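Note that the structure is predicted; figures quoted are calculated from it, not measured. Below, all heavy atoms of this structure are taken into account, side chains as well, without hydrogens, waters or symmetry copies.
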Amino acid sequence: MYHVARGRWALPVLAGLAAALALLVGAGGRALAAQAAGGRQLPIYSVETPERLVALGINCAWDDSGLGELLALLEERGVKATFFLVGEWCERYPQAANRLAQAGHELGSHSQTHRDMTQLDRAQIAWELEASATAIRAATGQSPRLFRPPSGAYNDLVIATARQLGWEAVQWDVDSLDWQEPPVEEMVERVCAKCRPGSILLWHLGKPDTPDALAQALDRLQGEGYRFCTVGELLYPPPYRLDHTGRQFPEG
């Protein structure tokens, strides 16, 4: 069975910043204990699970080209994905963002402006997160609480600030490299070779060969018994622990 709805990441968080902070305090700050050995603040890269269950994370930062083809593909394969949206992308393409929501996909933040967040202070990081949440909510009605840092760039301050504000930070352990536009066959082989139970995949909207490569990867992985869920469904809720690779384990 899917281990879905395991906690608050699988559901929209409708409360504002004050409620998010209250939740953390009420939980005894357990979300802030999500550190790897050595005290580093890490995002979640993958999830420990005995099930052949993986999550598809698709970044939206450039344009909305190929959206119809991608949505049709996911519907045909019966897959729900998590789309990480840049706030400015939502403002440029509100109808595209709304189509994602209407199709039943999960939405997360990819920041407001796609800046390198390791170069920002805490107030700037908080603004990027909350501004993106406002833009996503205005376009889709969803209130995201999953966050994927732009370009995968983060430091302790980025991750700690996100969690203090009620967000969960998510990376990936399988990169399709579609952003480099390699041959379709290379993308398919790379993804299928690296995928394992609990993997979180990285793909992008707006790259010409992504739909073809993703279709082939989905067919192959589903043929191998993998099932796809959203990132929020894959994650364990707090309390949890991370190993040095960012793999998430339930606590207790």
Specify the closest pair of heavy atoms between [X] and [Y], including all atoms of both residues, with the distance to one decimal.
| X | Y | result |
| --- | --- | --- |
| V86 | A61 | CG2-CB, 3.7 Å |
| A101 | L107 | CB-CD1, 4.1 Å |
| L146 | T82 | CD1-CG2, 4.4 Å |
| R148 | G57 | NH1-O, 3.4 Å |
| A97 | L85 | CB-CD1, 4.3 Å |
| V170 | P43 | N-CB, 4.1 Å |

Please report the C-alpha distance between F228 and V54 in whole Å, then the side-chain angles of each, then the deciding distance to 0.1 Å, and finally whether the side-chain contact (heavy atoms from CB on, under 4.5 Å) criterion is met.
CA-CA 5 Å; F228 286 81; V54 295; 3.5 Å; yes
Please check if the side chain of [X] supplies one atom and the backbone of [Y] the other of a donor-acceptor pair under 3.5 Å.
| X | Y | value |
| --- | --- | --- |
| R145 | W167 | no |
| S109 | S111 | yes |
| R52 | E224 | yes |
| D178 | E181 | no |
| E106 | A81 | no |
| Q222 | R227 | no |

Candidates K194, Q216, R220 - the one meeting side chain to side chain donor-acceptor pair (under 3.5 Å) with E189:
R220
Give, for atom [atom1] of [X] and atom [atom2] of [Y], the distance between the pair rounded to the nearest 0.5 Å.
| X | Y | atom1 | atom2 | value |
| --- | --- | --- | --- | --- |
| L235 | S46 | CG | OG | 10.5 Å |
| D116 | S151 | CG | OG | 7.0 Å |
| L205 | L71 | CG | CG | 8.5 Å |
| Q248 | I44 | CD | CD1 | 4.0 Å |
| L218 | L74 | CG | CG | 7.0 Å |
| I159 | Q41 | CD1 | CD | 7.5 Å |

Please, which pairs that meet ring pair (Phe, Tyr, Trp, His ring centres under 6.0 Å) have at least one residue in residues 113-136, sequence neighbours excluded?
H110-H114
Do the rings of F83 and H105 sit parallel, tilted or perpendicular, given the 30° and 60° boundaries?
perpendicular
[X]-[Y] co-clustered via ILVMFWY side chain contacts under 4.5 Å:
| X | Y | value |
| --- | --- | --- |
| W179 | M187 | no |
| L177 | L56 | no |
| W62 | L67 | no |
| V158 | L120 | yes |

Ion pair present between [X] and [Y], side-chain N to carboxylate O less than 4.0 angstrom?
| X | Y | result |
| --- | --- | --- |
| R241 | E48 | no |
| E168 | R163 | yes |
| R99 | D64 | no |
| R92 | D63 | no |

With side-chain contact (heavy atoms from CB on, under 4.5 Å) as the test, would you mind laying out the steps for L201 and L214 before giving the verdict?
CA-CA 11 Å; L201 281 55; L214 180 57; 5.8 Å; no
[Y] side chain reached by [X] side chain, heavy atoms, under 4.5 Å:
| X | Y | answer |
| --- | --- | --- |
| H244 | R40 | no |
| L242 | F249 | no |
| S176 | L202 | no |
| C195 | Y226 | yes |

Donor on one side chain, acceptor on other, [X] and [Y], under 3.5 Å:
| X | Y | answer |
| --- | --- | --- |
| T113 | E128 | yes |
| T118 | N155 | no |
| E91 | Q112 | yes |
| T140 | N98 | no |

Neighbour count >12 (heavy atoms, 6.0 Å) for atom CD, Q95
no
Could you give me the CA-CA distance, side-chain angles and deciding distance for E51 and R196, then say whether salt bridge (Lys or Arg N to Asp or Glu O under 4.0 Å) is met?
CA-CA 10 Å; E51 304 173 62; R196 59 175 173 157; over 6 Å; no
